Chemist: 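Quick one: the structure is below, and I'll ask about it shortly.
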Amino acid sequence: MPAHIIDGTANAAALRQGVGKEVQRLHAFAGVRPGLAVVLVGSDPASQVYVKSKSRQAREAGITPIDHSLPAQTSEADLLALIGKLNADAAVHGILVQLPLPPHIQAGKVIQSISPLKDVDGFHPINVGLLATGQQDQAFVPCTPLGCLMLLKSQLGNLAGLNAIVVGRSNIVGKPMAQLLVNESCTVTIAHSRTRDIAEHCRKADILVAAVGKLHAVRGSWIKPGACVIDVGINRIAGADGKSRLAGDVAFDEAAQIAGSITPVPGGVGPMTIACLLANTATSAFRHANVAAPRWTLG
Ligand code: GUN
């Protein structure tokens, strides 16, 4: 039987609606409107599209977007000065610096300059450490792995004892995803470009998260029958009509014959990422107002 297709678009819309309701509640209770500062350096077209979409969805959820678009030649010192101002601004609850940054700016230094209490991307070493030590209630968790975890829990319920494999070891997705799954009591393998017999490792996994950044790197024959497959890949390819289209890191048509459930690309993990950014921003506003933050879940 073909796999159940997990609808990320619908789940993300539901999460955004939930965030919108909680934002209204916070405003009624404490008079606070969450503010999200998004900083873009340079004019990478994909980043510009992404940042626009963040701002629109923030506004729809009752979060005030505060956009800073800086020229590509902005100095590291000027960027650090802007972040210092945003750290001190009480109207700003979340700060996101769009990556990648131009090569003359050290991304690590910039990330460490963001207040950990406003780091809604969850990239600051303090937040990385809180997640790694199982204190994620106090942390900000990176948005893409957080969205993947929500989809997994809504599909599978309790994840304890399941075998999970994360293919990819990036700081943005692979490593935090593995930490989240360990915290859910999964038995976790992290596979990467140097892993031997990667297909054999994958065939043991009840949960497979593909975050490789390579088109169709994970084949259908690698998948355990009935497994839940989460595809984080966003690869732009030429479609039959000459226009470009998006495709994932998993060979979807093959995998959908074997998996129990699978996320499509587009319409899977992608929309969840921005919805989780809005949830993290709302969480920050609740924490700053000393009001217990909601627990975000999907239906
Ligand atoms: N570039 C690609 N993904 C992300 C993300 O989740 N956050 C930021 N800040 N930049 C990105």
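What you are looking at is a predicted structure, and each value in this text was computed from that prediction instead of being measured. Counting starts at 1 for both ligands and their atoms, following the listed order.
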Chemist: How would you list, by chain and number, the residues with a heavy atom under 4.0 angstrom from ligand 1?
Modeler: L96, V97, Q98, L99, D121, F123

Chemist: Using a 3.5 Å cut-off and no angle test, enumerate the donor-acceptor pairs between side-chain atoms of residues 124-136 and protein atoms at least two apart in sequence or in another chain.
Modeler:
unit_1	atom_1	unit_2	atom_2	d
H124	ND1	I126	N	2.9
H124	NE2	Q112	O	3.3
N127	OD1	F140	N	3.2
N127	ND2	P116	O	3.1
N127	ND2	D119	OD2	2.8
T133	OG1	G129	O	2.8
T133	OG1	L130	O	3.3
T133	OG1	Q135	NE2	2.8
Q136	OE1	N183	ND2	2.6

Chemist: For F123, is there any backbone N or O sitting under 3.5 Å from a side-chain donor or acceptor partner on D121?
Modeler: no

Chemist: Can you tell me how far the CD1 atom of I83 sits from the CD1 atom of I114, to the nearest 0.5 Å?
Modeler: 5.0 Å

Chemist: Can you name the side-chain contact (heavy atoms from CB on, under 4.5 Å) partners of I190, sequence neighbours left out?
Modeler: R169, A178

Chemist: To the nearest 0.5 Å, what is the distance between NZ (K224) and SG (C202)?
Modeler: 12.5 Å

Chemist: Could you tell me which residues satisfy side-chain contact (heavy atoms from CB on, under 4.5 Å) with V265, sequence neighbours excluded, listed by chain and number?
Modeler: D231, L246

